[in-house]
Amino acid sequence: MGSFADFHARSINDRDAFWAEQAKLVDWKVQPQQICDYSNPPFAKWFVGGQTNLCHNAVDRHLVDRADQPALIFVSTETDQEKTYTFRDLHAEVQRMAAILQDLGVVKGDRVLIYMPMIAEAAFAMLACVRLGAIHSVVFGGFASHSLATRIEDASPKVIISADAGSRGGKGVPYKPLLDEAINLSAHKPANVIMVDRKLAAFTPVASRDVDYATERAKHMDTVVPCEWVDATHSSYTLYTSGTTGKPKGVQRDTGGYTVALAASMPHIFQGKPGGTFFCTSDIGWVVGHSYIIYGPLIGGMATIMYEGLPIRPDGGIWWSLVEKYKVNVMFSAPTAIRVLKKQDPALLTKYDLSSLQALFLAGEPLDEPTAKWISEGLNGKAIIDNYWQTETGWPILSICNGVEKAPSKFGSPGKAIYGYNVKLVDDQTGEELTGANQKGVLTIEGPLPPGNLQTIWGDDERFVKTYWKTVPNKLVYSTFDWAVRDEDGYFFILGRTDDVINVAGHRLGTREIEESIASHPNVAEVAVVGVADALKGQVAMAFAVLKDPSKAGTPADALKHEGEIMKLVDEQLGAVARPARVRFVALLPKTRSGKLLRRAIQAVCEARDPGDLTTMDDPGALQQIKDLVTG
Ligand code: ATP
Ligand code: MG
């Protein structure tokens with residue numbers, strides 16, 4: 001094991017040699033001729049001239065060494081199903097799905113939209129697409145017609161693969177009526193829809209458009225569908241960002257760079273070993289699900305658990321029982337899920353044998369200290385590794401890379417810049433690079449972005465360039481739109497999004513700092529702070545908190561007492577400038593379906609403005625509650 005600093009330096013200073021080495025982790029039909037073509041910035045082309053296939057690397061390649069080892073472990077606590085597919089089984093199922101797509105005329109470059117719950121067939125569908133060189137676009141199953149329609153229009157798929165229903169808390173959630181409605185709304189119409197019928201919700205197929213998966217599959221039990229070798233730069237999929245800050249962006253990913261990036265991340269970041277088991281609790285509708293439920297673990301020769309169900313059903317120990325049962329080595333989840341578990345009996349954490357588990361990775365939003373402490377103590381000293389990334393990047397930007405060199409974690413920090421990422425903190429006013437310790441700047445990445453990152457925004461190169469790239473003195477940098485500081489040891493701390501800064505009488509304050517201060521009140525479970533226009537001060541902070549025990553603030557007098565205590569806390573911890581003008585109590589906060597706080601929507605409502613694109617919002621009731629409070 002060498003030093004991480006050297007490893008990282010080589011990835012930047014000797015970029016092509018570094019990535020040529022990582023490229024050996026994957027199978028190529030034709031070796032790349034050029035590692036990185038950055039002749040047309042900011043567009044980077046990786047492994048030019050190389051030909052490969054994502055499905056080959058995830059599945060076929062392992063048939064030699066591990067055909068009979070588990071590849072996909074499907075567990076549904078919704079329908080009480082549990083089924084393990086070996087690499088051999090997975091290979092067969094993927095070919096069957098690919099054969100059905102071929103029958104429907106799908107060829108390389110065609111788009112296929114996948115609107116499915118967390119079932120094994122969704123994994124077959126994704127792998128079948130990339131096997132054929134078709135570009136998949138997975139839309140999170142929780143989205144309704146309108147959001148789905150805009151994505152159908154944007155991706156213009158030849159075929160859609162869907163199911164009759166998902167399930168939540170043991171109740172079927174029909175998908176088909178939403179899909180039919182979405183296709184009606186969309187100007188683009190798919191030629192065919194493949195329906196996986198789970199028999200959870202009856203539906204009427206649309207004649208000459210809908211085909212039944214089981215019927216078609218039965219025709220192809222032994223059909224051989226070879227992998228289509230594609231150029232490294234061929235697009236593998238498109239996927240939308242969460243839409244936390246505005247209209248979602250359709251991220252377009254390549255094939256070769258993505259395969260190499262994920263293959264390299266398995267040993268270096270996750271320390272996942274072939275033959276081991278990976279359990280990522282995300283959803284295939286998100287980037288974490290693409291990279292670490294499906295592609296990453298399989299490329300690394302690991303079994304992957306695909307879990308359909310809630311984290312607390314039948315009880316809050318379900319995930320840990322799976323860790324015990326399947327000897328999970330690496331687990332990946334999100335702080336929002338851990339906060340859900342935190343409300344359960346802590347004894348559930350010690351009930352199971354977790355000795356196989358090496359580490360729990362968490363990403364997607366800030367990992368607050370109380371949550372980090374709770375899970376860290378509960379898992380009795382196992383490594384809890386916060387890592388920071390975006391849909392755009394496809395794999396982490398910041399983390400501890402224990403596979404390169406063991407390093408301690410610091411509470412509140414997702415670690416250091418990962419190899420391949422030339423991270424720069426930039427002053428948002430002057431554009432100057434901030435090189436000193438503990439200076440606050442915008443986290444940017446100097447081009448070229450490393451392998452696996454977005455190629456462009458689907459169908460909109462101009463939006464890609466305009467949205468993300470800017471020239472700071474002598475450099476073209478990609479902006480993450482997140483604030484950060486870096487300490488003396490190179491550890492980064494994410495301070496929030498650049499549009500989550502409020503300006504109170506000339507003082508620029510991050511909403512996250514205020515939120516953390518408020519969250520330290522013993523009865524606060526969760527809180528959102530937004531800046532609201534104020535004639536006198538420019539902006540003032542407004543806080544909306546969810547209480548752990550709402551009954552304690554049941555009466556107006558109790559609520560006022562809580563509000564006073566919280567303001568005093570903020571005064572003491574941050575100073576009076578940061579004190580919110582009001583602290584209001586709500587039952588829940590508006591979030592995206594991926595679990596991120598929708599501050600922009602709260603802010604708009606507080607300022608009596610149109611909240612804009614709300615298609616990614618989870619529960620509209622949460623925003624309505626805030627609306628009622630501020631207008632009431
Ligand atoms: P949109 O770009 O459409 O507004 P989004 O940024 O929420 O939505 P994602 O790509 O799902 O879409 O989320 C990436 C963002 O999530 C990051 O830019 C950052 O703000 C936040 N994030 C991810 N991981 C972490 C982490 N470990 N710590 C703090 N923030 C994180
Ligand atoms: Mg974003």
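Quick note: numbers below take in every heavy atom, side chains included, and nothing from hydrogens, waters or symmetry partners. Worth saying up front: this structure is predicted, and the values here are computed from it rather than measured. Order of listing sets the numbers, starting from 1, for every ligand and every atom in it.
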J.: For atom 7 (O) of ligand 1, what's the nearest protein heavy atom and its distance?
T.: T244 OG1, 2.4 Å
J.: In terms of residue, atom name and distance, what is the protein heavy atom nearest to atom 2 (O) of ligand 1?
T.: K249 NZ, 3.1 Å
J.: Check the angle between the aromatic planes of W19 and Y419 and answer parallel, tilted or perpendicular using the 30° and 60° thresholds.
T.: tilted
J.: Below 4.0 Å, non-hydrogen atoms only: which portion of K596 touches ligand 1? Side chain, backbone, both or neither.
T.: side chain
J.: Look only at interatomic distance and state if A363 has a nitrogen or oxygen under 3.5 Å from any nitrogen or oxygen of ligand 1.
T.: no
J.: Quickly, which of H136, Q252, R253, R111 forms a side chain to side chain donor-acceptor pair (under 3.5 Å) with Y237? Name it, please.
T.: R253
J.: I need the nearest protein heavy-atom contact for atom 29 (C) of ligand 1: residue, atom name and distance, please.
T.: P366 N, 3.3 Å
J.: Atom 9 (P) of ligand 1: which protein heavy atom is closest, and how many Å away?
T.: T391 OG1, 3.4 Å
J.: Give yes if a backbone or side-chain nitrogen or oxygen of I494 is under 3.5 Å from a nitrogen or oxygen of ligand 1, and no if not.
T.: no
J.: Side chain, backbone, both or neither: which applies to D482 and ligand 1 if a contact is any heavy-atom pair less than 4.0 Å apart?
T.: side chain
J.: Considering non-hydrogen atoms only, spot the tightest contact between W458 and D154 and give its length.
T.: NE1-O, 3.0 Å
J.: Taking distance alone, with no angle check, do R497 and ligand 1 share an N/O pair under 3.5 Å?
T.: yes
J.: Specify side chain, backbone, both or neither for T592, according to which of its non-hydrogen atoms lie closer than 4.0 Å to ligand 1.
T.: neither
J.: Do me a favour and list the nearest non-hydrogen protein atom to atom 26 (C) of ligand 1 with residue, atom name and distance?
T.: E365 O, 3.4 Å
J.: Nearest non-hydrogen atom to atom 24 (N) of ligand 1 belongs to which of G496, G595, G364?
T.: G364
J.: Could you check whether R599 pairs with E515 (Lys NZ or Arg NE/NH1/NH2 to Asp/Glu carboxylate O, under 4.0 Å)?
T.: yes
J.: Is the contact between W389 and ligand 1 made by the side chain, the backbone, both, or neither, using heavy atoms and a 4.0 Å cut-off?
T.: backbone
